[in-house]
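Heads up, the thing below is written out as structure tokens.
Labels below follow one simple rule: chain letters A, B, ... track the order of the sequence lines, proteins then strands, and each chain is numbered from 1. In this text, all values refer to a predicted model and were calculated from it rather than measured experimentally.
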Amino acid sequence: MGTNNQHTHNFTQQFEFSGKAKTWSLIAILIGVAAIAYGFLLDPAEYHSERTFANLLLMGYYFTCVCAAGAFFLALQLVTQSAWSAGLIRIPQAFAKVLPIASVILLVICAAGLFSHNLYHHWNLEGITEVGNEHYDAAIAKKAGFLNAPFFLIRLVFFLTIYSIFALVLTRFSDREDLVGGLANYKKSFKISAIFLVIFGFTTPIWAFDTIMSLEAHWFSTMFGWYNFAAMFISGLCAITVTVILLKKAGYMSWVNHNHIHDLGKFVFAFSIFWTYIWFSQFLLIWYANMPEETVYFFKRWEPEYKLWFWLNIVINFLAPVLILMTRDAKRRTNTLLAVCILLLCGHWLDYYLMIMPGTVESNRQFGITELGIFIGFVGLFSFLMMTQLAKKPLAAKNHPFLEESLHHSI
Amino acid sequence: MSAHNESILREPLITGTNITYSKITDDVLVPVENKPNMAWWIGFGIALTLALTWVVAISYTFWVGLGVWGLNKTVGWAWDITGFVWWVGIGHAGTLISAVLLLFRQNWRNSINRSAEAMTIFAVICAATYIIAHMGRPWLAYWVFPLPNQFGSLWVNFNSPLIWDVFAISTYFSVSLVFWYTGLLPDIATIRDRASGFRRRVYSILSFGWAGSVKNWQRFESVSLILAGISTPLVLSVHTIVSMDFATSLEPGWHTTIFPPYFVAGAIFSGFAMVQTLLLIARKVMKWENYITMFHIESMNIVIIVTGSIVGVAYLTELFVAWYSGVEYEQYAFLNRISGPYWWAYWSMMTCNVISPQLFWFKKIRTSIWASWVLSIVVNIGMWFERFVIIVTSLHRDYLPSSWAMFYPTPIDVLLFVGSIGVFFTLFLLFLRVLPGIAMAEVKLLLKSSSDQAKQKLIREGKIDAEQAEYYQQSLEKFDSVSKSDYAKT
């Protein structure tokens, strides 16, 4: 041991984005476009445009969160000097490279929703802050200094721009490292990562308060920011794991072995529990104190329209990963892990659904063409953009200083 | 483990030249196998004196009753619960280091886990004394357990977070104790093998017949991993439930959903600060600089800055949501914290916990032993103020202005707190005399892969990329135990 370069891995291997992967992601995008058209134009239900907007917000936010989780994961691996992930770092990098596009899409959805009054109508109504107006709401008027359309959009643009810039800078350092080698890029990305993590940590709670919590603007919970952060990280981890496993199945990345997959499995297992911990703490404290201004949130989700889904959320996102991924073998069985991650990605769609729908379409909740179609559309869009980025660079960061250590990783 | 192929970029976990397995044993066992030196006696004398004041204060409390504390009708919980939460929080670092860092394969835990776990156990003992003291009738302390009514107790109220605390903390204490003791077995066996006479008999019993066989080690490894798995949720659960003592109530300033993870982050923050306070002195007095290196100190400082910033995010979130909620009582609670009669406590908390740890962003400061030690004390003070702020400033002015009051501690309150610090240090100093303060067996695992001499050997053999070797040598500059002339030769 200790001697280098006895492996036969092809670090210059590049992902080829073509064939079925390309066809299917394009078809999925078309399904999404058709579902949006259906939702706006053909759906006979009364709340069809609110419903379509709510679904667009759901998937736009989910899409952005998964890409941001890629950037967060990347920065976290750098500052913790992690070696285990060095061989698969190109995947979160591909996520991070899509972040600017995802951010623009989320911004367009939020802005359109604001100006058409299809989203955020709990605080964005004509005259809601004017005393004497029929829409006047004293509780909202007090928050108007924070919850108003221009300031809301400025914050969103500001956060997403900063995240996107850091995501691009970090991936650029890694790409440059491929060409020139050495430690200069590693040192710089270490510093940039630390700065990014601080900014990210201090601003993501506000991002979640704005985009999601303000849908029900009367309600408040200090935990909500971290709750969204937990959901973001676990869904990002699942998306990374799914991508790695599918690439392995397609014959790529020989240097990623069962030990690396096992580590991803442990991360998915642990952060599913972490998400549940945050979810449960928020729920328990509100249920226990039983103050009307707080319980109203869960009250809505306890109504017959949502109750089944409310419990299903816990079953999928907590019980399933805990029970299935408990053993060592389960985490090392790629098909099991793949199935759990796909289940969790659907489960966190449901989690966002439960965050968004009761504040937008309220009791007119539905599940049909619009929901499924828009979900499929965004999955296709994410896959298409992410794989396009992935195909541009070799699948290994061949000059990553910890790549050698990663090859000998065994647990 | 991948340790044998460790990247040269990682800083060494053992420094010094000519380190052998037997030298590690000799170095670690110096305080156990020799008569105590002057520094130990002075420290022990001070600690024991303080511990005696604790005995006096608690005896007086039991004799006269809780009226000797500064509590009043409005502030019915003050220094006692502040002291309790402070100690429980300090007790978090041990298990985090031994369990969570084990799961994350952070090898640097190996030389600090033993002392940190001992510290955990002593801190939880100190915390428990406040609970017993506050019961008023400590001889009925067993009533906290769900014993049948025929036993003379009353059935406990399972809806109360205080009873959850009983389960959470007693589980935490037992598992931490088992984890600590299991880790000690091979080290106790080492002491046994080197001792003679009565000492040998005692350590022989304590070592549970450890023989160092392959089977022993195999079981040791699997038990450690299982205990780490069990302890990890416990690290989160204990302070989560402590936070629920407050957050389940309707008290403005207490009832907020972010409390559980925010308390956990604060607990880890204060725990690492206390580990830093103790180990910076211990490494100097015991001459353990080769095992508790600058990298360990720096890593702990980084944990302190991360958890301090998480706590900072929570403080700001609370402030923001108090405003955003529009709830008048909530808004007043925070306004009162910032600018009310206890403003100094709030700003001490903010300064010590959020602002001053940011100094660790500078490498010069986080690799300075003096600065690290001073800041660790600052964090200890800040975290005490945090609990005081949460508890007293919320209680002293809540819904009914006619019952607003101030809290003033009595000398007994002060003595109980100062005394508990004495109890803690007495126990810790005794521990250092009878058991190895560094997990020898675990540190030895790192000698062939992560020590400076192993890395220097690789560099000498020319197996390392020149730029990476240069990076490694530069990273050593801050090590107080590595003299530059030693590696200038290579």
Side-chain angles (χ1 to χ4, degrees), chain A residues 1-4 79-81 83-84 138-140 142-143 146-147 181-184 186-187 194 197-198 201-202 205-206 209 218-227 259 266 270 273-274 277-278 280-286 288-291 293-294 401-402 404-411, chain B residues 1-10 103-106 159 161 232-233 236-237 240 243-244 247-251 254-262 264 302 305-306 309-310 312-314 316-318 320-327 330 361 449 454 458 461 463-465 467-468 470-471:
Chain A
M1 305 275 263
T3 45
N4 298 342
V79 294
T80 53
Q81 296 193 314
W84 72 275
I140 298 298
K142 283 195 217 162
K143 315 182 188 192
F146 183 74
L147 287 181
L183 290 172
Y186 166 75
K187 287 183 200 163
L197 288 176
V198 173
F202 274 87
I206 309 172
F209 291 158
H218 296 85
W219 183 78
F220 52 89
S221 166
T222 39
M223 185 75 108
F224 203 82
W226 290 356
Y227 168 46
N259 299 302
K266 285 197 276 191
I273 298 175
F274 180 74
Y277 164 66
I278 300 288
F280 180 72
S281 300
Q282 174 172 276
F283 175 69
L284 177 87
L285 291 174
I286 289 174
Y288 197 110
N290 202 15
M291 295 161 105
E293 65 264 37
E294 293 182 358
F402 291 111
E404 182 67 27
E405 191 179 317
S406 171
L407 296 181
H408 299 284
H409 182 57
S410 69
I411 48 176
Chain B
M1 293 276 178
S2 57
H4 286 284
N5 293 286
E6 192 178 288
S7 164
I8 193 78
L9 299 186
R10 299 190 189 284
L103 295 184
F104 278 106
R105 290 190 294 266
Q106 298 296 304
N159 289 338
T232 301
L236 291 155
S237 78
T240 293
S243 81
M244 286 176 183
T248 49
S249 72
L250 302 178
E251 190 74 23
W254 285 8
H255 176 67
T256 176
T257 49
I258 206 170
F259 257 33
Y262 145 48
V264 173
I302 290 171
I305 189 179
V306 170
S309 302
I310 293 176
V313 174
L316 296 177
T317 307
E318 274 190 325
F320 171 70
V321 173
W323 172 80
Y324 178 89
S325 72
V327 179
E330 197 68 25
W361 280 103
S449 54
L458 281 178
E461 286 166 358
K463 286 178 179 166
I464 302 295
D465 170 75
E467 195 186 356
Q468 297 202 358
E470 173 71 20
Y471 180 95

Query raised in the report: Taking only residues two or more places apart in sequence, or in another chain, which ones meet B/Asp465 in a side-chain hydrogen bond (donor to acceptor under 3.5 Å, both in side chains)?
Result: none
Report task. Below 4.5 Å from any heavy atom of chain B, which atoms of A/Val79 appear? Answer side chain, backbone, both or neither. Result -> neither
**Report entry** Minimum-distance pair of heavy atoms, taken over all atoms of A/Met223 and A/Ser281
**Finding:** CE-CB, 3.5 Å
Report task. Heavy-atom distances under 4.5 Å only: say whether A/Ala270 touches chain B with side chain, backbone, both or neither. Result -> neither
Requested in this report: Answer with side chain, backbone, both or neither: which region of A/Ile140 has an atom nearer than 4.5 Å to a non-hydrogen atom of chain B?
Outcome: neither
Report task. Please say whether more than 12 non-hydrogen atoms of neighbouring residues, nucleotides or ligands are located less than 6.0 Å from CZ in A/Phe202. Result -> yes
**Report entry** Heavy-atom pair count under 4.5 Å with chain A, highest-scoring of B/Arg10, B/Glu461, B/Glu470
**Finding:** B/Arg10
Query - Heavy-atom contact with chain B under 4.5 Å, split by part of A/Ile278 - result: side chain
Query raised in the report: Is chain B contacted by the side chain of A/Pro205, its backbone, both, or neither, given a heavy-atom distance below 4.5 Å?
Result: side chain
Report task. Indicate the ring-plane relationship of B/Tyr262 and B/Phe259, choosing parallel, tilted or perpendicular according to the 30° and 60° boundaries. Result -> perpendicular
Report summary line: If you tally heavy-atom pairs under 4.5 Å between each of B/Gln106, B/Gln468, B/His255 and chain A, the highest tally belongs to B/His255
Query raised in the report: At a heavy-atom separation under 4.5 Å, does B/Val327 approach chain A through its side chain, its backbone, both, or neither?
Result: side chain
Report summary line: side-chain hydrogen bond (donor to acceptor under 3.5 Å, both in side chains) filter on B/Ser249, not counting sequence neighbours, yields none
Report summary line: Taking every heavy atom of B/Thr257 against every heavy atom of A/Ile286, the minimum-distance pair comes out as CG2-CG1, 3.7 Å
Report task. Please state whether the side chain, the backbone, both or neither of B/Ile8 comes within less than 4.5 Å of a heavy atom of chain A. Result -> neither
Query raised in the report: Among A/Ser221, A/Ala289, A/Gly181, A/Gly201, who wins on heavy-atom pairs under 4.5 Å with chain B?
Result: A/Ala289
Query raised in the report: Is it the backbone or the side chain of A/Leu197 that comes under 4.5 Å from a heavy atom of chain B, or both, or neither?
Result: neither
Query raised in the report: For residues B/Glu330 and B/Tyr324, is any side-chain donor paired with an opposing acceptor at under 3.5 Å?
Result: no
Query - Contact class of B/Phe320 relative to chain A, heavy atoms under 4.5 angstrom - result: side chain
**Report entry** Contacting region of A/Ala83 [heavy-atom separation from chain B under 4.5 Å]
**Finding:** both
**Report entry** Part of B/Leu316 within contact of chain A (heavy atom distance under 4.5 Å)
**Finding:** side chain
Query raised in the report: Looking at B/Pro260, B/Ser309, B/Gly326, B/Pro233, which has the largest count of heavy-atom pairs under 4.5 Å with chain A?
Result: B/Pro260
Query - Interface moiety of B/Ala314 toward chain A, non-hydrogen atoms closer than 4.5 Å - result: both
Requested in this report: Determine yes or no for a side-chain-to-main-chain donor-acceptor pair under 3.5 angstrom, with B/Lys463 supplying the side chain and B/Leu458 the backbone.
Outcome: no
**Report entry** Distance-minimising heavy-atom pair for A/Trp219 and A/Glu293
**Finding:** CD1-O, 3.4 Å
**Report entry** Heavy-atom pair count under 4.5 Å with chain B, highest-scoring of A/Phe274, A/Trp84, A/Phe220
**Finding:** A/Phe220
Query raised in the report: What are the two closest heavy atoms between A/Thr222 and B/Thr317, and how far apart are they?
Result: O-CG2, 3.5 Å
Query raised in the report: How are the rings of A/Tyr227 and A/Phe224 set to each other: parallel, tilted or perpendicular (split at 30° and 60°)?
Result: perpendicular
